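Comments concern the structure below.
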Amino acid sequence: EIADIDSVDQRRGNAIDAGVSVLGSLGRADYDAILSDIPEQFERIYRPAPGGAEQDEVEVGYRRIRAWIGPQTDITTREPDPDRSPSESDGYLLRIDGLVFLDDGQRADSRSIYYLSRDRTKEAWTVEMAVRDTRGSKPEIWTEIGARSGKSMTVQISSGGKASHTARPLIEGAGYVSRL
């Protein structure tokens with residue numbers, strides 16, 4: 001389909017402006033309420049049965065999701081401290097763990113945790129994925145570690161034993177959405 005570039009740019013700009021407006025209308029109390037309303041969740045990942053019968057579905061993995069309000073240091077401990085008193089400097093944390101069995105007999109495990117300051121000016125995250133052969137051979141591991149302060153971002157990526165590299169993406173204009 002041939003489209004008028006100016007029209008495409010205008011629609012994209014309108015969508016970005018709408019998103020900025022919606023996110024800008026959410027305050028700290030809104031984010032606090034959203035995170036406190038997210039229960040720990042376990043989601044099954046399965047291949048639906050061709051005939052639709054539940055007993056014929058094939059389990060292929062799971063995903064566990066947890067969200068809480070806590071300090072940025074929880075990104076390294078990966079767990080909330082139930083005995084810790086809340087602090088004004090706390091932020092939002094989201095952890096997602098997953099496992100999926102691949103068609104080639106391998107297994108992919110992933111763990112990611114995201115932090116966003118309550119004023120949304122700082123964030124940090126770690127994402128780790130390991131692909132393992134079910135026969136127990138050494139896993140292939142990928143990692144991404146990122147941090148943002150204001151409009152400055154650094155992301156370090158390592159993949160499968162290859163040399164890691166660092167990216168410093170530009171954040172220009174409105175419309176940036178945090179990883180969390």
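Computed over heavy atoms, backbone and side chain alike; hydrogens, waters and symmetry mates excluded. Every value quoted in this text rests on a predicted model; they were computed, and no experiment measured them.
Under a 4.0 Å N-O distance rule, the pair R84/D90 qualifies as a salt bridge. For K162 and E140, the salt-bridge test fails: no basic side-chain N is under 4.0 Å from an acidic carboxylate O. Of the charged side-chain nitrogens involved, none lies within less than 4.0 Å of a carboxylate oxygen, so that R47 and E57 do not count as a salt-bridged pair. With salt bridges taken as basic N to acidic carboxylate O contacts below 4.0 Å, one links E40 and R64. A salt bridge links R28 with E88; the closest basic N to acidic carboxylate O contact falls under 4.0 Å. Using a 4.0 Å cut-off between charged nitrogen and carboxylate oxygen, R63 and D97 do not count as a salt-bridge pair. The pair R111-D109 does not meet the salt-bridge criterion, since no charged nitrogen lies less than 4.0 angstrom from a carboxylate oxygen.
Note that the NZ atom of K151 and the CZ atom of R148 stand 9.5 Å from one another [nearest 0.5 Å]. D32 CG to D37 CG: the interatomic distance, rounded to the nearest 0.5 Å, is 12.0 Å. Expressed to the nearest 0.5 Å, how far CG of L180 lies from OH of Y92 amounts to 9.5 Å.
The closest side-chain donor-acceptor pair between N14 and Q10 falls under 3.5 angstrom. A donor and an acceptor atom, one from each side chain of E128 and W142, are nowhere located under 3.5 Å apart.
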